[in-house]
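Below is one structure, written out as structure tokens; the observations come after it.
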2 protein chains.
Amino acid sequence: MDAALELMDEGALTMRALASRVGLTPGALYTYFPDRAALVSAVADRLLAEADLTLLDAPGLSPHDRIESFALALREVLLRHPAAVPAILGAAFSGPTALHVGESLLRELSDPRASYTVMVYVLGAIALEAAELEGPPPPEEERIALRRTYLVVDPEAFPLTHAANDVIAAYISTDQFRWGLRRLLSAP
Amino acid sequence: MDAALELMDEGALTMRALASRVGLTPGALYTYFPDRAALVSAVADRLLAEADLTLLDAPGLSPHDRIESFALALREVLLRHPAAVPAILGAAFSGPTALHVGESLLRELSDPRASYTVMVYVLGAIALEAAELEGPPPPEEERIALRRTYLVVDPEAFPLTHAANDVIAAYISTDQFRWGLRRLLSAP
DNA sequence: ACCTGAACACCGTTCAAGT
DNA sequence: ACCTGAACACCGTTCAAGT
């Protein structure tokens, strides 16, 4: 599964490539996983578990702070493996680790609807950020600077977008991620 | 592109299948699209445009109501084509239609960071819902009922999840979608 | 410009046969 | 149980050649 994650990061996860990397014949993989989709799900769940789940139960922190620190940790893990993020979205509920995260989240927020809203925001933000990464990401500042030149638009046709260029470039920043999360958590 | 969307809905969009559906040889498609990814992006942008963009400029409505009505319309369009949703996430910023939506959203909310938060929520919610659909969705009530039996967990290991089963089953409801959106928009 | 036919370099998955 | 070798039924993309 480590090899599978590596290949995913390289954007080249095929059963054949995986087999050759672990020194097997393609067919031999089907002893361990019924099919490619099962392999991908397993990798997704393992990746989800790489974020420090204990942050969600950290003593001495407010519920909001626990959620924030876990969300930041999860984002960091997942953005290092952007190609795996779509699989995470797919397994958002089903996997065993996802269940554990869900239970902890329910403990922090009294209304289950609020906890789902947080999940939606966190996974949505990560998914949008991951979508524009090919491999492991360059430093944040670099990505923002790139977006600043990248996202130039016609000022006549899109005046507000043009005026907000700097903020839009920073949509993928940790600050923006935290800002949105806090806004959501601070809702009445 | 209509044929391509049809094939996507059937979960079987290949260049060869598309070619045969439009009465061409696979190679001929490369006159119109440089590669498969370009085709998928084009379909995604066209799908985005199917939601009524004028809702975002509807006179006589508050900014929040405009956003809500457009978000609901977008969700309805996209959930009819769940297989295309990942492509929408990928093209969330780049496409011409996405630019237009972004500009309108900036008009409704004074802080660009808030408008991005709304985008994250709306696209995130749609992505999570789409992830558990194979083809065009059954009626909402049916899906919720299915989830209610689907999502049974061990009450000992996951007591809160077990207790909230009914609400969790309704995570994919229009009501939950609207509830989360309103909560986000009502943040101070 | 648009299309065909044919090829190239791949895929995931299955399965008899071996150990 | 685990693995190989070989096959089956596919892929996306390219490209000479035709109209």
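The structure presented is a predicted model; accordingly, all values stated were derived computationally and were not measured. In the text below, chain A, chain B and the rest are named by the order of the sequence lines, each starting its count at 1.
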Sugar-phosphate only, base, or nothing, as touched by A:Thr25 at under 4.0 Å among non-hydrogen atoms: base
Separation of atom CZ in B:Arg36 from atom C1' in D:dG12, rounded to whole Å: 9 Å
Side chain proximity check, A:Arg147 to A:Glu132, heavy atoms < 4.5 angstrom: yes
Where B:Tyr121 and A:Thr117 come nearest, the two heavy atoms and their spacing: CE1-CG2, 3.8 Å
Proximity to the side chain of A:Tyr32 - top-ranked nucleotide from D:dC3, C:dC2, D:dG12: D:dC3
Connected via hydrophobic side-chain network under 4.5 Å: B:Ile172 and B:Val122: no
Closest nucleotide among D:dC11, D:dC2, C:dC3 to the B:Thr31 side chain: C:dC3
G-U wobble or Watson-Crick pairing nucleotide for D:dT14 (cut-off 3.5 Å, both distances): C:dA6
Min side-chain heavy-atom separation B:Ser104-B:Arg107 under 4.5 Å: yes
Interatomic distance where CE belongs to B:Met15 and P belongs to C:dC8 [whole Å]: 21 Å
For atom CG of B:Leu29 and atom P of D:dT14, their distance in whole Å: 13 Å
Between P of C:dC11 and OH of A:Tyr30, the distance in whole Å: 12 Å
Along DNA chain C (nearest heavy atom to each residue), the more 5'-positioned of A:Leu13 and A:Ala28: A:Leu13
Length of the CG-C1' vector between B:Leu18 and C:dC3, whole Å: 15 Å
Out of D:dC11, C:dC3, D:dT13, whichever nucleotide has its closest atom nearest the side chain of B:Thr14: D:dC11
Whole-Å gap separating P (C:dC11) and CG (A:Leu7): 11 Å
Whole-Å distance separating the CZ atom of B:Arg16 from the C1' atom of C:dC3: 16 Å
